[in-house]
Amino acid sequence: MCGIIGWANRSGDTGSISWLEQGLHSMHHRGPDGSGIWISDDHKTVFGHNRLSIIDLSLEGNQPMVNGDGDLCITFNGEIYNYLDLKKELVGAGYS
């Protein structure tokens, strides 16, 4: 099971992210296959993720995941079992 940590606030002041790094370190056992951090441009949202790879072992499965424009981000725990159907639908809608 992956380890997820984050913060969202209205002031835009995330301050030092040492708390995030410490949190990820304390949850290393939850996701030893990779680790990632994302901070929004306005500094109002921060995500941290420790990855446990089960189905997708490629680097494309690293999280947090950001869209091509860099303005949307997601981090989650679990597997998307119908990913091939979803991929087909998204490619059909013009996403890569």
**Request:** Can you measure from SG (Cys73) to CD (Gln63) and round to the nearest 0.5 angstrom?
**Result:** 8.5 Å
**Asked** Can you check whether Ser53 reaches Arg51 side chain to side chain, under 4.5 Å on heavy atoms?
**Response** yes
**From CZ (Arg30) to CD1 (Ile5), nearest 0.5 Å** = 11.5 Å
**Item:** Closest non-hydrogen atom pair, Asp42 against Thr45
**Value:** OD1-N, 4.4 Å
**Fill in**
Value for CG (Leu52) from CG (Asp33), rounded to nearest 0.5 Å, stands at 5.5 Å
**Asked** Sub-3.5 Å donor-acceptor pair from the side chain of Asp69 to the main-chain atoms of Asp71, do we have one?
**Response** no
**Request:** May I ask you to test the Leu20-Ile37 pair for a side-chain heavy-atom distance under 4.5 Å?
**Result:** yes
**Asked** Does any pair with a residue in residues 44-90 pass ring-ring contact (aromatic ring centres under 6.0 Å, His included), and if so which ones, sequence neighbours excluded?
**Response** Trp38-Phe47
**Asked** Does Asn67 reach the main-chain N or O of Leu72 with its side chain, forming a donor-acceptor pair under 3.5 Å?
**Response** yes
**Request:** State the CD-CG distance between Gln22 and Leu24, to the nearest 0.5 angstrom.
**Result:** 10.5 Å
**Prompt:** With the 4.5 Å side-chain cut-off for hydrophobic clustering, are Leu59 and Leu57 part of the same group?
**Reply:** no
**Request:** For residues Asn50 and Ser35, report the shortest heavy-atom separation together with the two atoms involved.
**Result:** OD1-OG, 3.0 Å
**Message:** What's the separation between atom CE in Met27 and atom SG in Cys2, rounded to the nearest 0.5 Å?
**Reply:** 10.0 Å
**Asked** What pair of heavy atoms forms the shortest contact from Val66 to Gly70, and how long is it?
**Response** CG1-CA, 3.4 Å
**Complete:** In terms of heavy-atom contacts, Asn77 and Ile4 come closest through N-CD1, 3.7 Å
**Request:** Please round to the nearest 0.5 Å and tell me the distance separating atom CG of Asp85 and atom CD1 of Ile80.
**Result:** 12.0 Å
